[in-house]
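Down below is the structure, laid out as structure tokens.
So you know, we letter chains A, B, ... as the sequences are listed, proteins then strands, and number each from 1. Heavy atoms only: backbone and side chains are in, while hydrogens, waters and symmetry mates are out.
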Amino acid sequence: MPTAPRSLPSWGWTVAKPQAAIIGAGESRIGRVPGVGALALMLEATDKALASAGLEMAAIDGIITVPVRSDTLSVSASLIARSFALEPRFINTIDLTGASGAAMVDQAAQAIAAGHCETVLCVAGQPLLSGMSRDGAVASMANSAAHPEAEVPYGPPVPALYALFAARHMHEFGTTREQLAAVAVQMRRHAGLNDNAHFQQPITVADVLASKPIATPFTLLDCAPVSDGAAAMIVVSAERARQIKRKAAYLHGAGYGIGHGYLSDALDLMHTGARRSGAAAFAASGMRPSDMDFASLYDCFTITLLLELEELGLCPRGEAGRFVEDGHIDREGSLPTNPNGGLLSGGHPGYPAGLLPVVEAARQIMGEAGARQLPRTDRAVVHGNGGVVAMHCTLVLGSENV
Amino acid sequence: MSDHRTVRCCAACGAVQSYPRPLCTACRGRAFEDRALPMRGEVYSLTVVQRAPSPAFMPPYTIALVRGPSGGLLMMQLHDFARPPVIGDAVSIEAAEGGLVGRPG
């Protein structure tokens, strides 16, 4: 723990002691999980998070979720509360799409600090794969990510919107097609140690290039799969975390940022809101990008991970392609990233996907990552990306040793 | 959606506004004017879509973000290029059925 408050004159931020911590984290089965509804998937993840925390369901007095429309239900915090037979003192629904998972932890910390509640369940999940056809999922995501009048009429599926970032990155920085593919290959290599990953079979750069064309420069393996799945976390005050559990993931800093709403209101796709969210999270934590033992980043497409590495200051601007190609993000590299295989291989259940990088970081810090446990996990940067690189939330998490 | 015959631009800085918004995203100006098409632009980024989001679209087709003459981005398909268009190509932004289209400029 830092002996806080310390001030960092160069940034002008006050670094405070962590006020909250994740003491439990879990995921449901992820991938193709037929016949299991959204609430049942969420219960599966919640049971695992509670077991990880060493708490009973009745201890939960706060709930934060994300908007999910699945099965025939719009799943709200109140519906989760009633389905889990809880009477929470605090409820909230965060609508930052893929950035919601990281934001949940920060907002749980604030609710606890305000005295609204003591034990917050952050949970989301949906059967995105089995609950609707894959074509239905592709169509519904396209209509939510693009502006109905200024973009949708031209026919951009979500991968095409991200492909516009990839094409521009290749143009400005000389990033190569093979470097994008290397991200997918790396994530699959990590997924080999994660039995709950949607896809585990190793792939090569040649496999990525030969996979089904989607939107240049992307082929199928540049895109995270559509998956069923849920994730859950239990957040308590830092003081309670030390009483309840020896190993917890303490929240040292959080930051938010936006770059645009829709792509066509952006001024420059290569300057995203992740730069601001990362700078704010690091400043609040009193730590630097170079202090991180590992990273857990939102990788819905290969380009997303490259952009985040650069915008969070984890590698120089324009050099993320080479950084990945050179093996830095491998579990044996200088900055192990997404040791669970990320969303690209681990699976992507839609809006709830934003919880998965946070859950993985927490499990690594708590020493609960099983076969894929990294040796050094005291300091982690976690990032969520919502919309089409639009909304961002970054967390700096740390162990009790920080 | 009806055809565009004009594009909304910021009266102060001239940036194109892809969809109506109360403040100019580039300069925070609040006054706008509709400028006639065709208008010159430049390809900022592009992708060739090979898997369409719905049966209403027939791949392959090229979607681009095109930068307006005084800044701002517009999304459109590119048509009638003799060779595959690339980032930096000059574009004539024109009215088309359903919105805008970019042709060689």
Best-contacting candidate, A:Pro213, A:Ala166, A:Ala146, against chain B by heavy atom pairs under 4.5 angstrom:
A:Pro213
Would you name the heavy atoms of A:Phe218 and B:Gln50 that are closest together and state the gap between them?
O-OE1, 4.3 Å
Looking only at non-hydrogen atoms, find the nearest pair between B:Pro53 and A:Gly155 and report the distance.
CD-O, 3.4 Å
Grab the two heavy atoms, one from B:Ser18 and one from A:Ala150, that are nearest each other, plus how far apart they are.
O-CB, 3.3 Å
If one checks every heavy atom of A:Val158 against chain B at 4.5 Å, the contacting part turns out to be neither
Do other residues, nucleotides or ligands put more than 12 heavy atoms under 6.0 Å from A:Arg322 CZ?
no
Chain A contact via B:Thr25 - side chain, backbone, both or neither, heavy atoms under 4.5 Å
both
Would you indicate whether B:Arg30, at its atom CZ, is surrounded by more than 12 heavy atoms from other residues, nucleotides or ligands within a distance under 6.0 Å?
no
Of all of A:Ala167, A:Ala266, A:Pro217, A:Ala215, which one pairs up most often with chain B through heavy atoms under 4.5 Å apart?
A:Ala215
Answer yes or no: is there a donor N or O on one side and an acceptor on the other, between the side chain of A:Thr216 and the main chain of B:Val48, under 3.5 Å?
yes
Where does the angle between the aromatic ring planes of B:Tyr19 and A:Tyr262 fall among parallel (under 30°), tilted (30 to 60°) and perpendicular (over 60°)?
perpendicular
Whatever's closer than 4.5 Å to a heavy atom in chain A on B:Tyr61 counts as side chain
Inter-residue atom distance A:Glu172.CD - B:Ser45.OG, 0.5 Å rounding
9.5 Å
Any non-hydrogen side-chain atom of A:Pro156 less than 4.5 Å from a side-chain atom of B:Met75?
yes
Going from CG on B:Leu65 to CZ on A:Phe165, what distance comes out if it is rounded to the nearest 0.5 angstrom?
8.5 Å
Who among B:Val101, B:Leu46, B:Thr62 has the most heavy-atom pairs with chain A under 4.5 Å?
B:Leu46
Give the C-alpha distance, both sets of side-chain angles, the deciding distance and a yes or no for side chain to side chain contact (heavy atoms under 4.5 Å, CB included) between B:Tyr44 and A:Leu269.
CA-CA 9 Å; B:Tyr44 175 78; A:Leu269 297 187; 3.6 Å; yes
Between A:Leu263, A:Val152, A:Leu164, which shows the greatest number of heavy-atom pairs under 4.5 Å with chain B?
A:Leu164
Heavy atoms of A:Ala160 and B:Thr47 approach each other most closely as O-CG2, 3.7 Å
Looking at every non-hydrogen atom in both residues, tell me the closest pair between A:Leu267 and B:Arg67 and how far apart they are.
O-NH1, 3.8 Å
If you take all heavy atoms of A:Pro157 and B:Arg51, which pair is closest and at what distance?
CG-O, 3.5 Å
Below 4.5 Å from any heavy atom of chain B, which atoms of A:Leu161 appear? Answer side chain, backbone, both or neither.
side chain
